[in-house]
Trainee: 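Quick one: this structure, given as C-alpha cells, is what I'll be asking you about.
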Amino acid sequence: MSFSTHLRKLAQPVWDAQLTHPFVLALGKGTLSERKFRYYILQDARFLADLARVFAAGSLRAPDAESALRFAKLAEETITVERSLHENYGKRWKLSPQEMLNEPMSPTNYAYTRHMLAVAQSGTATEIAVVALPCAWIYCVVGKHLLKNGPPPAKHPYRDWLMLYASPEFEAVQEWMRARVDTWARTAGHEEKKRMEQAFLISSKYEWMFWEMAWNEEKWPV
Ligand SMILES: Cc1ncc(CO)c(N)n1
C-alpha cells in the first residue's frame, strides 16, 4: 500500500463526513444561501494566501530542482487560479481583491493556517507536502463527488466553483503531491512518518471544520 493510501485510510472517517456535510450538500445542489457562500469565499481567499506560503516553503525545502520548481508553481497557481475564482465571485458582491483580503480570519481558519504554517516553518519537504495534501485531495474528491452525475446546469449559482474542483487540472495537483509523498516516504524514518500521519490527520479534520465554520458563519466570541 502506498503511504498516501495509508494516510487516507487513517483519515477515512473524517473524509467520508465531508461528503455528507450540509454545506457541501447545499453547495452541490445550488441551494446554499449566498450569505453562507460569501462568508466561505472571503475566508477561503485568506486561507489560500497562507496556502501559497506553505507551497513556497515546500519549494525552499525540496530535495531536487524539479520538485522545488513544481512547489513554486503550486504557490503561483494557488494565487492565480483559485484566487481569480474568488475575485470573480467578489465582483458579484462589489468587493475589490484588497477588500476581500481585509476580511478578518475566523477562529477555525486561523487555526488551520497556523497548523500548516508551523509545519512549513520546521518540517521536511515531505511533511510540507503531507500537511497540504488533504487540502488538494479532499477538494478533488468533493468536486468529483458533487458532479458524479454530470456537469452542473449553466444557471447553477456555484457552477464555477464545482467545475474548478472537479477538473482534471485540479486533480493533477493532488496526483503530483501524492506521488512525491509516496516516493519520499520510502526513505522517511519512523518519527518522521508519525509526524506525517499527525499532520495529515489534523489537516483532514480542519478541512471538515472549514465546512462547519462556513455553515455556521463562525465568528470570534468577542
Ligand atoms: C479550506 C480549503 N481547502 C482546500 C482548498 C483547495 O485548494 C481550498 N480552496 N480551501
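When a ligand or atom number is given, it counts from 1 through the structure's own listing order. Since this is a predicted model, take the numbers as computed values, not measurements.
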Trainee: So, using side chain to side chain contact (heavy atoms under 4.5 Å, CB included) as the criterion, who are the partners of Arg195 when residues are at least two apart?
Mentor: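 For Arg195, the residues satisfying side chain to side chain contact (heavy atoms under 4.5 Å, CB included) (neighbours in sequence not counted) are Glu127, Glu191, Glu192.
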
Trainee: Enumerate donor-acceptor pairs with a distance under 3.5 Å from any side-chain N or O in residues 151-167 to protein atoms, sequence neighbours excluded.
Mentor:
residue, atom, partner, partner atom, Å
His156, ND1, Tyr158, N, 3.0
His156, NE2, Gly28, O, 2.8
His156, NE2, Gly30, N, 3.3
Tyr158, OH, Leu32, O, 2.6
Arg159, NE, Pro152, O, 3.3
Trp161, NE1, Tyr40, OH, 3.2
Tyr165, OH, Glu82, OE1, 2.4
Ser167, OG, Leu164, O, 2.6
Ser167, OG, Phe170, N, 3.1

Trainee: What pair of heavy atoms forms the shortest contact from Val131 to His115, and how long is it?
Mentor: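 Smallest heavy-atom distance, with atoms named: CG2-NE2, 3.3 Å.
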
Trainee: Using the salt bridge (Lys or Arg N to Asp or Glu O under 4.0 Å) rule, collect all pairs that involve residues 47-57, keeping only residues at least two apart or in two chains.
Mentor: Asp50-Arg53, Asp50-Arg114

Trainee: Taking Glu207 for its side chain and Ile138 for its backbone only, find out whether a donor-acceptor pair lies under 3.5 Å.
Mentor: no

Trainee: Test Ser106 against every option in Lys219, Glu218, Glu217 by the side chain to side chain donor-acceptor pair (under 3.5 Å) rule and name the one that passes.
Mentor: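 Testing each of Lys219, Glu218, Glu217 against Ser106, the sole residue satisfying side chain to side chain donor-acceptor pair (under 3.5 Å) is Glu218.
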
Trainee: Mind listing the N or O contacts between ligand 1 and protein, cut-off under 3.5 Å?
Mentor:
residue, atom, partner, partner atom, Å
ligand 1, 3 (N), Glu207, OE1, 3.0
ligand 1, 3 (N), Glu207, OE2, 2.9
ligand 1, 7 (O), Glu82, OE1, 2.7
ligand 1, 7 (O), Glu82, OE2, 3.1
ligand 1, 9 (N), Asp44, OD2, 2.9
ligand 1, 9 (N), Glu82, OE1, 3.1
ligand 1, 9 (N), Tyr165, OH, 3.3
ligand 1, 10 (N), Asp44, OD1, 2.6
ligand 1, 10 (N), Tyr139, OH, 3.4

